[in-house]
Amino acid sequence: MESLRPALLEWFRQNRRDLPWRRTRDPYHIWLSEIMLQQTQVATATPYYERFLARFPTLAALAAASVDDVLAEWAGLGYYRRARYLHAGAQAMVRDHGGVIPSDPEVFGALPGVGRYTVGAVLSMGFGAALPVLDGNVARVLSRWAMAPLAIKRPEDARLLWGMAEALVPGAERGDETHRDAGDWNVALMELGATVCTPRAPACERCPVATWCRARAAGRVAEFPPVPEARATESLRRAVALFEANGRVLVTRREGSMLTGLWEMPGVDLEQDMGASPPLRRALGSLGVTDVSLADTGLRVTHTITHHRIEVEVWRGTWTGKRPRASSKLVWADADAREHALTALARKVVEAARG
DNA sequence: CATCCGTGGGC
DNA sequence: TGCCCAAGGAT
């Protein structure tokens, strides 16, 4: 145990990946990266991170932006509430905290979208706070080290895992509020989980701390952590109307609980055996789009979104009278620009239609 | 406490 | 190729 920490820290210092958010100690940049990386892989988040910071280089710039502009930069990353909370958080910091990330865990943790993980990550990396992190990577590593059947998804197990993580943070055993290794330690633990102690086919032969791993010693690494049964996905049908003009696509702003405020071509959900044309025509009519004809392109786009597998029929729309006009609910969007926050489904449909 | 919220990488 | 899952948080 005494040499476990130095062994992992030393390994990390030799093997750390050169990632954009590791070249900075600016707490705003670190905060942004941590929010973007929630439930999102490094390779996916990286281009978004670069673009986002180019557009909103400072907390003040983010706070001054409109929600729509923030969502437009976020479009394609998913979990859009993250972007709304990020924006609201930036405004709160400008309004109440002098335009900087609060270094007090209580204060920072009170901001929207900032939970215990994000508090530990940003404050340990940005300020050297001796606070733990617990994410999927750390939970997996700890479960294997202890050979304990603990799953982060189960709240009772999560409490135990947080306790284990807390006990390991440099400085914590002495009650120090800060420690120069705290941030590196947290990142090292996550880096180990991401690159060596992976969910499937872990590379134990490359693991710098394999000698401390009880699951490894027992030859039972694959059994930990236990995997809770996956929830089944539900199949849905949907039809969309694709209108194109001058390289632009007609899209409407989504309402309701999912993907609220994002833009997508007009469409309707369909029952299993329902014809698409009449309801699609009605949906267009309610947007003020009349005098059009619709033709089934035969294109079928499949999109999976949190427990729903959506099969989308793509209908080609053409106007028989005047071209549909933009309104508060309807715009002609450039699908290649990031001017509007298009859903991934919308981009997929455009892509499919272009062949 | 269980459920909800998006998307794309990787095997 | 389908399926698992990835640096969570709010309700």
Side-chain angles (χ1 to χ4, degrees), chain A residues 16-17 19-22 29-49 71 74-86 88-89 108-122 124-125 132-141 151-159 161-162 165 183 185-195 197-203 222 225 227-235 254 256-262 264 301-310 341-348 351:
Chain A
R16 70 201 295 267
R17 289 173 293 175
L19 304 174
W21 44 87
R22 290 185 181 168
H29 296 193
I30 296 172
W31 176 46
L32 173 66
S33 73
E34 289 304 330
I35 301 299
M36 280 193 168
L37 287 164
Q38 287 173 11
Q39 306 294 294
T40 305
Q41 298 178 181
V42 164
T44 303
T46 298
Y48 285 87
Y49 173 85
L71 283 174
W74 203 271
L77 253 192
Y79 285 121
Y80 296 95
R81 200 153 23 183
R82 293 183 296 175
R84 294 179 183 278
Y85 285 148
L86 194 72
F108 182 45
L111 292 170
V114 179
R116 190 175 178 185
Y117 166 81
T118 306
V119 169
V122 174
S124 68
M125 294 177 215
V133 295
L134 181 71
D135 70 341
N137 288 310
V138 176
R140 185 170 57 254
V141 169
I152 189 173
K153 281 186 178 179
R154 294 198 286 259
E156 196 175 325
D157 291 354
R159 272 193 291 279
L161 289 161
W162 272 112
W185 170 257
N186 285 334
V187 183
L189 218 39
M190 293 190 279
E191 187 84 337
L192 184 73
T195 64
C197 195
T198 50
R200 283 161 300 188
V227 283
E229 70 288 0
R231 189 176 139 184
T233 64
E234 185 185 347
S235 288
R254 285 185 56 110
S257 64
M258 253 174 106
L259 301 169
T260 313
L262 273 75
E264 199 168 279
V301 174
T302 304
H303 187 62
T304 303
I305 174 171
T306 46
H307 308 133
H308 299 289
R309 185 179 180 278
I310 309 172
L342 299 186
T343 66
L345 190 154
R347 280 183 288 113
K348 221 180 260 187
E351 202 66 22

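Numbers restart at 1 for each chain; the letters A, B, ... are given by sequence-line order, proteins then strands.
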Novice: In whole angstroms, how far is the P atom of C/dC5 from the CZ atom of A/R140?
Specialist: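 That distance rounds to 9 Å.
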Novice: Return the nearest nucleotide to the side chain of A/T343; candidates are B/dT7, B/dC1, B/dG6.
Specialist: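 The closest nucleotide is B/dT7.
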Novice: Hey, which sits more toward the 5' end of DNA chain B by its nearest nucleotide, A/L342 or A/K153?
Specialist: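 On the 5' side of the pair lies A/K153.
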Novice: Run the side chain to side chain donor-acceptor pair (under 3.5 Å) test on A/T40 and A/R82 for me, step by step, so that the C-alpha distance in whole Å, both residues' side-chain angles and the decisive distance to 0.1 Å come before the verdict.
Specialist: CA-CA 12 Å; A/T40 305; A/R82 293 183 296 175; 3.2 Å; yes
Novice: To the closest 0.5 Å, what do you measure between CG (A/L342) and CZ (A/R254)?
Specialist: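 If I round to the nearest 0.5 Å, the distance is 12.5 Å.
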Novice: If you compare every side-chain N and O of A/R154 against the phosphate oxygens of B/dA2 (OP1, OP2), does one of them come in below 4.0 Å?
Specialist: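 It does not, given that no N or O in the side chain of A/R154 lies less than 4.0 Å from OP1 or OP2 of B/dA2.
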Novice: Scan nucleotides 8-10 of chain C against the protein and return all N/O pairs shorter than 3.5 Å with their distances rounded to 0.1 Å.
Specialist:
| unit_1 | atom_1 | unit_2 | atom_2 | d |
| --- | --- | --- | --- | --- |
| C/dG8 | OP1 | A/Q39 | NE2 | 3.4 |
| C/dG8 | OP2 | A/L37 | O | 3.4 |
| C/dG8 | OP2 | A/Q39 | N | 2.0 |
| C/dG8 | OP2 | A/Q39 | NE2 | 3.0 |
| C/dG8 | O5' | A/Q39 | NE2 | 3.4 |
| C/dG9 | OP1 | A/G115 | N | 3.0 |
| C/dG9 | OP1 | A/T118 | N | 3.0 |
| C/dG9 | OP1 | A/T118 | OG1 | 2.5 |
| C/dG9 | OP2 | A/Y117 | N | 3.3 |
| C/dA10 | OP1 | A/G113 | N | 2.8 |
| C/dA10 | O3' | A/Y85 | OH | 3.4 |

Novice: What is the separation between atom CG on A/L259 and atom P on B/dC5, rounded to the nearest whole Å?
Specialist: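 Interatomic distance, CG of A/L259 to P of B/dC5: 9 Å.
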Novice: Starting from C1' on B/dG6, measure out to CZ on A/R254 and report it in whole angstrom.
Specialist: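 After rounding, the gap between these two atoms is 11 Å.
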Novice: Where do N or O atoms of nucleotides 8-11 of chain B meet protein N or O atoms at under 3.5 Å, pair by pair?
Specialist:
| unit_1 | atom_1 | unit_2 | atom_2 | d |
| --- | --- | --- | --- | --- |
| B/dG8 | N2 | A/Q41 | OE1 | 3.1 |
| B/dG9 | O4' | A/Q41 | NE2 | 2.8 |

Novice: Is the closest side-chain donor-acceptor distance between A/T343 and A/E264 under 3.5 Å?
Specialist: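 The criterion, which ignores hydrogens and geometry beyond distance, is satisfied for A/E264 and A/T343.
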Novice: Between the side chains of A/R17 and A/E191, is the shortest nitrogen-to-carboxylate-oxygen separation below 4.0 Å, so that they form an ion pair?
Specialist: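 Yes, A/E191 and A/R17 are salt-bridged.
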Novice: Using the C1' atom as the point on both nucleotides, what is the distance between C/dG8 and B/dC1, in whole Å?
Specialist: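 These two C1' atoms come out 16 Å apart once rounded.
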Novice: OP1 or OP2 of B/dC4 sitting under 4.0 Å from any side-chain N/O of A/S257?
Specialist: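 Answer no for this pair, as no side-chain N or O of A/S257 is under 4.0 Å from OP1 or OP2.
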Novice: I'd like the P distance from B/dG8 over to C/dG9, given in whole Å.
Specialist: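 To the nearest whole Å, 22 Å.
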Novice: Please give, in whole Å, the distance from C/dC5 P to A/H307 NE2?
Specialist: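 For the pair A/H307 NE2 and C/dC5 P, the rounded distance is 12 Å.
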